[in-house]
> 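One structure, pasted below without further comment.
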Amino acid sequence: MITENIFFIMNIIGLLAFAVVGALKGIKKGLDLLGIIVLGIMTALGGGITRDLLVNTIPYALRSPNDMGVALIGVWCAIVIFKVFNEDVSNKYIIQIPDAVGLSAFTTTGAMIAYNFDVSFFGIIILATLTGVGGGIISDILLQKTPSALTEDFYASCSIIGAIAFYLAILSNLSLEMSAVICSIVVLMIRIVAILCKWSLPKFYSEQK
Amino acid sequence: MITENIFFIMNIIGLLAFAVVGALKGIKKGLDLLGIIVLGIMTALGGGITRDLLVNTIPYALRSPNDMGVALIGVWCAIVIFKVFNEDVSNKYIIQIPDAVGLSAFTTTGAMIAYNFDVSFFGIIILATLTGVGGGIISDILLQKTPSALTEDFYASCSIIGAIAFYLAILSNLSLEMSAVICSIVVLMIRIVAILCKWSLPKFYSEQK
Amino acid sequence: MITENIFFIMNIIGLLAFAVVGALKGIKKGLDLLGIIVLGIMTALGGGITRDLLVNTIPYALRSPNDMGVALIGVWCAIVIFKVFNEDVSNKYIIQIPDAVGLSAFTTTGAMIAYNFDVSFFGIIILATLTGVGGGIISDILLQKTPSALTEDFYASCSIIGAIAFYLAILSNLSLEMSAVICSIVVLMIRIVAILCKWSLPKFYSEQK
């Protein structure tokens, strides 16, 4: 009961956040209204559909009208945000903060589904990470950008660390709900600190040389 | 019986049309013969495989030799079209018209499959739209273009309107075959008018500024 | 028993090879450590996950910890290779040779899975080819390059020829293991000869004109 509620809430938070991210990226790219809506929906639904396909269930987004409705509300929020910020989308945080929220929420839903399907430790990590970063990768590929999951050090790795925290919490006999909450807090906190502190790791090779 | 025939015919029309589209895009990009064949096949099979994966069935394209054979005929047609037009592929309609036909046919197959699997209203729209636009998105991603589904106003939205028409037809107690035919006609007509009239919506933000 | 061993070995060879390919491409692109790891893992796991999704099984990579562990070893190998070659990744062979090995190994696993699921002749070809080229396509899309499967004549076609050889071997009443070995040798030999001899086919149209 509580578990389903937490999954339900996390899913809605993730959908809203990624719809905002996708729509704002589309606005920034200069797409028109329908392009923005399509990109917002695809970004929002992408991660969850990937998650459901990987465990062989018919995607929840196909069975329920809720997901697409929530995604549309997210697109509407993005337009409001865009107007509130006086049409200035050069401020990176406008996209990065909802992106961090979505990453955290979807990573948690991925970990919860993985737990339900009784996959291995690495399975939990892979499913949580792909669910978390899936939406962002889809929107970046559609807009022909190199995905953040590859170029930002602490993006995919936040999901990985969150999934490990989830696993350790489950091992410590914490309840599934508690573990889910811990997972989402860990991902969100690390990601936001990484954004604010501009954490990065050294590169091996510089393309320009 | 009739239903299966309509599905079968729509599927073949869609495969042929998208194989032509994919192969012509490959020719325009300067790929050589095998690249053109691979792109034509992927564009043709992409939408259907996406559709079958989403409802958890082994893709029809894997179980039957027909789909790939039809795709190869489509690639052959593309080469003939290319020669007939004196190797001039700058005329946009050469690609846009078969693309509209494929969009219409695959949207209809997606809607029919969604009906069979008894998904919700939004499920029908999502499945019909992803099936319709899937092939084009795959070919555009492979050729590093921003997909038409994002940049053209009346592309994905034609599929959405067609799926709504399909749903209303079913609700009005029309037969599945009749609803499918209505869906395909609605998509095709709106898409062709949108191409000819260059319909577009205002943008929020211009990337160039 | 032997069959499982051959599948297991081919899978590990493919994972290792594609993890090396993905990580080296990431190093060349100037990604930092975590980007390289993510790209290496996605390239390595991509083909196999595609294969398992297409036949509707929960991906092996989710159920077993082995796959991701092997991919991490591959990423480590890539860094060693990069250092051994004095940080000079301009030599094409460094990436092309492991890529050919991975193509061969994954094509074979795709053909074996297709055989197990009793799909048609064309199904074997499609599944073997998509499994073989899947990882490379994913890494090229993520790095915004036009995939080798489209631009190189004898890339996807090596998989196709290997799958046909596999089918003919099965038809000739050879054992599944023998057919798998033949398939992998055919793919690897054709691909390496194609790389060394720079085989190519004429183009229809030059994009530059």
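Residue numbers start from 1 in every chain, and the chains themselves are labelled A, B, ... in the order their sequence lines are given, proteins ahead of strands.
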> Could you tell me whether C:Phe121 atom CZ has more than 12 heavy atoms of other residues or ligands within 6.0 Å of it?
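For C:Phe121, atom CZ is crowded (more than 12 foreign heavy atoms under 6.0 Å).
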> Please state whether the side chain, the backbone, both or neither of C:Leu53 comes within less than 4.5 Å of a heavy atom of chain A.
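For C:Leu53, side-chain heavy atoms alone lie under 4.5 Å from chain A.
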> Could you look at C:Ile41 and say if it's the side chain, the backbone, both or neither that has a heavy atom under 4.5 Å from chain A?
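Neither part.
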> What's the spacing between C:Asn66 CG and A:Phe122 CZ if we round to 0.5 Å?
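Rounded to the nearest 0.5 Å, the CG-CZ separation comes out at 9.0 Å.
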> Could you pull out the closest heavy-atom pair between A:Ala156 and C:Val38, with the gap in Å?
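Residues A:Ala156 and C:Val38, closest heavy atoms: CB-CG2, 3.7 Å.
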> Side chain, backbone, both or neither: which part of A:Ile125 has a non-hydrogen atom closer than 4.5 Å to chain C?
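Just the side chain, heavy atoms under 4.5 Å.
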> Chain C heavy atoms under 4.5 Å from A:Leu127: which part of the residue, side chain, backbone, both or neither?
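Both backbone and side chain.
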> Select one option (side chain, backbone, both, neither) describing which atoms of C:Ile49 are under 4.5 Å from chain A's heavy atoms.
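Only the side chain of C:Ile49 comes within 4.5 Å of chain A.
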> In terms of heavy-atom pairs under 4.5 Å, which option from C:Thr57, C:Ile141, C:Asp52 contacts chain A the most?
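Option with the top pair count is C:Thr57.
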> Nearest 0.5 Å, what's the CG-NZ distance between A:Leu150 and C:Lys25?
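Reported to 0.5 Å precision, the distance equals 12.0 Å.
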> Would you name the heavy atoms of A:Pro147 and C:Leu142 that are closest together and state the gap between them?
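Heavy-atom minimum between the residues: CD-O, 3.2 Å.
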> Between chain C and each of A:Ile160, A:Val55, A:Val133, A:Thr146, count heavy-atom pairs under 4.5 Å; write down the option with the most.
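Sorted descending by pairs with chain C, the first entry is A:Thr146.
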> What pair of heavy atoms forms the shortest contact from C:Ile58 to A:Leu54, and how long is it?
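Heavy-atom minimum between the residues: CG2-O, 3.7 Å.
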> Quick one: what part of A:Phe117 sits under 4.5 Å from any heavy atom of chain C, side chain, backbone, both or neither?
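Only the side chain of A:Phe117 comes within 4.5 Å of chain C.
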